[in-house]
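Following: one structure in structure tokens, then a few remarks.
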Amino acid sequence: MKLNPLVSKLALYDIAGTPGVAADVSHINTRSEVTGYMGDDQLKQALEGSDVVIIPAGVPRKPGMTRDDLFNINAGIVKSLCSAIGKYCPNALVTVISNPVNSTVPIAAEVFKGLGVYDEKKLLGVTTLDVVRAKTFYAGKAKVNVAEVNVPVVGGHAGITILPLFSQASPRANLSDEDIKALTKRTQDGGTEVVEAKAGKGSATLSMAYAGAIFADACLKGLNGVPDVVECSFVQSTVTELPFFASKVRLGKNGVEEVLGLGLLSEFEQQGLEALKPELKSSIEKGIKFVHQS
């Protein structure tokens with residue numbers, strides 16, 4: 001975010017070590033002023049006046065863990081951060097990266113509802129890394145320039161709930177059914193691929209930082225009135241019968257200006273859509289339940 005020319009003030013917050021990170025980042029020669037805040041007593045200062053809040057906080061996955069295994073720790077973190085956002089910058093656009101996104105976005109929504117500040121247009125789950133992976137893997141298989149590739153990814157942000165729509169990919173490539181299945185599986189398992197390659201030393205952080213920054217840039221462009229900014233995001237939705245769903249959204253001055261439909265799906269994608277719904281429904285309900293029980 002320090003590289004983004006649309007950012008004038010960058011506030012970094014964590015429970016420890018933030019002043020050092022802020023000092024390091026502040027030396028980068030771009031326009032934004034960087035401040036670091038640490039601990040509960042400085043959270044108010046960090047948030048006040050923010051137009052956009054990005055939440056990547058939480059614990060990373062280790063080999064053998066699913067995103068749901070992170071639930072108890074990360075759910076509590078997201079709940080407490082959103083309580084503070086609701087108090088100190090209720091009009092900010094909030095982008096949630098913390099896993100499991102399928103549950104943390106509904107958690108954030110319930111917290112904001114409880115505080116009377118929920119705006120469905122301003123709460124967005126970041127699924128951009130699924131799109132980034134789908135583009136990369138597709139370009140490699142189709143032998144096309146990755147910079148020109150676009151692949152919508154819908155559903156959620158974990159395992160089979162991630163549904164890349166390769167039938168809508170551009171530029172078009174005549175890939176076999178086997179190739180499409182393999183690309184879909186690799187996109188769904190992309191995070192696990194990194195967790196295993198890091199052998200217990202962490203999860204996808206560098207590619208996730210890139211994806212989070214790309215998505216935040218799109219949000220900032222929308223807020224600044226750039227026309228026709230479209231990205232995939234996990235948002236409150238009526239595209240399916242589920243209350244939250246990832247699909248293409250048009251971003252604008254109020255956040256999500258329009259939630260776009262799924263378009264034409266292949267038979268394989270239609271099957272994938274039906275298969276993911278029960279799992280996604282369960283994750284959404286788990287998030288909502290967490291807020292009302294704790």
Side-chain angles (χ1 to χ4, degrees), residues 1 4-10 47 49-56 78 82 85-86 89-98 101-102 104-113 115-132 134-135 149-157 161-165 168-170 210-265 273 280 284 287:
M1 295 316 297
N4 194 312
L6 296 173
V7 178
S8 56
K9 289 193 173 153
L10 183 61
L47 290 170
S50 297
D51 296 308
V52 177
V53 180
I54 304 169
I55 307 181
V78 169
C82 288
I85 291 164
C89 55
N91 297 316
L93 191 149
V94 180
T95 74
V96 181
I97 294 171
S98 308
V101 167
N102 295 353
T104 53
V105 170
I107 286 170
E110 291 304 303
V111 170
F112 294 147
K113 283 175 192 172
L115 293 168
V117 296
Y118 179 53
D119 181 351
E120 67 194 65
K121 292 179 163 57
K122 293 195 169 179
L123 175 62
L124 303 98
V126 181
T127 58
T128 313
L129 184 49
D130 301 326
V131 177
V132 165
K135 287 179 180 180
V149 168
N150 208 354
V151 183
V153 182
V154 303
H157 180 63
T161 70
I162 300 165
L163 185 63
L165 304 182
Q168 297 177 23
S170 60
Y210 167 78
I214 289 283
F215 184 71
D217 179 61
C219 292
L220 287 165
K221 282 176 176 160
L223 292 174
N224 279 280
V226 175
D228 217 35
V229 179
V230 175
E231 289 287 337
C232 293
S233 179
F234 187 67
V235 295
Q236 184 172 314
S237 173
T238 54
V239 165
T240 68
E241 63 273 24
L242 300 173
F244 293 89
F245 198 80
S247 64
K248 288 197 280 193
V249 301
R250 183 171 283 108
L251 299 164
K253 291 188 174 182
N254 299 305
V256 178
E257 298 288 353
E258 186 185 3
V259 180
L260 303 171
L262 300 179
L264 204 59
L265 304 186
L273 177 63
L280 186 51
I284 292 167

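The shortest heavy-atom contact between Tyr118 and Ala109 is CE1-CB, 3.7 Å. Residue Ala246 comes nearest to Gly156 through the heavy atom pair CB-N, 4.4 Å, listed as atom of the first residue, atom of the second, then distance. Between Cys219 and Leu93, the shortest heavy-atom contact is SG-CD2, 3.8 Å. Contact detail for Gly261 and Val239: the closest heavy-atom pair is CA-CG2, 4.3 Å. The two residues Gly86 and Phe112 make their nearest non-hydrogen contact at N-CE2, 3.9 Å. The minimum heavy-atom distance linking Met1 with Ala213 is given by the pair SD-CA, 3.9 Å.
Ser98 places a side-chain N or O within donor-acceptor distance of the main-chain N or O of Ile55, the cut-off being under 3.5 Å.
Remark: Lys135 pairs with no residue by the salt bridge (charged side-chain N to carboxylate O under 4.0 Å, His left out) rule, at least two apart or across chains. For Lys9, there are no salt bridge (charged side-chain N to carboxylate O under 4.0 Å, His left out) partners two or more places apart in sequence or in a different chain.
Applying the side chain to side chain donor-acceptor pair (under 3.5 Å) test to pairs two or more places apart or on separate chains, those with a residue in residues 119-129 are Glu120-Gln236.
Contact annotation: the side chain of Leu223 never approaches that of Lys253 to less than 4.5 Å [non-hydrogen atoms, C-beta and beyond]. Taking the side chain as every heavy atom from C-beta outward, Leu265 and Gln168 approach each other to under 4.5 Å. Looking at Asp130 and His157, their side chains come closer than 4.5 Å, going by heavy atoms from C-beta outward. Residues Leu260 and Val230 have side chains in contact (heavy-atom distance under 4.5 Å, counting atoms from C-beta outward). Within the 4.5 Å cutoff, no side-chain heavy atoms of Val151 are placed close to those of Val131. A heavy-atom distance below 4.5 Å is not found between the side chains of Leu165 and Val153.
Considering Leu124, Val105, Leu123, Leu251 in turn, Leu124 is the only one that fulfils the side-chain contact (heavy atoms from CB on, under 4.5 Å) rule with Ser233. Checked options Thr95, Val126, Ile97; the residue passing with Pro56 is Ile97 (criterion: side-chain contact (heavy atoms from CB on, under 4.5 Å)).
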Pair Val52-Leu220, side-chain contact (heavy atoms from CB on, under 4.5 Å): steps then yes or no = CA-CA 8 Å; Val52 177; Leu220 287 165; 3.8 Å; yes

Under the side-chain contact (heavy atoms from CB on, under 4.5 Å) rule, what do Thr238 and Val259 come out as? Steps first, then yes or no, please.
-> CA-CA 8 Å; Thr238 54; Val259 180; over 6 Å; no

Take Phe234 and Val154, measure what side-chain contact (heavy atoms from CB on, under 4.5 Å) needs, and give me the verdict at the end.
-> CA-CA 8 Å; Phe234 187 67; Val154 303; over 6 Å; no

CA sep, side-chain torsions, deciding dist, call: Leu273, Leu262, side-chain contact (heavy atoms from CB on, under 4.5 Å) | CA-CA 10 Å; Leu273 177 63; Leu262 300 179; 3.9 Å; yes

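Put simply, SG on Cys82 and CD on Glu110 are 11.5 Å apart, with the number rounded to the nearest 0.5 Å. Considering CG of Asn102 and CG of Leu280, their distance stands at 5.0 Å, rounded to 0.5 Å. Atom-to-atom distance recorded for Ile85:CD1 and Leu115:CG is 10.5 Å, nearest 0.5 angstrom. Considering OG1 of Thr161 and CD1 of Ile284, their distance stands at 9.0 Å, rounded to 0.5 Å. Here the straight-line distance linking atom CG of Asp228 with atom CD of Glu257 works out to 11.5 Å at 0.5 Å rounding.
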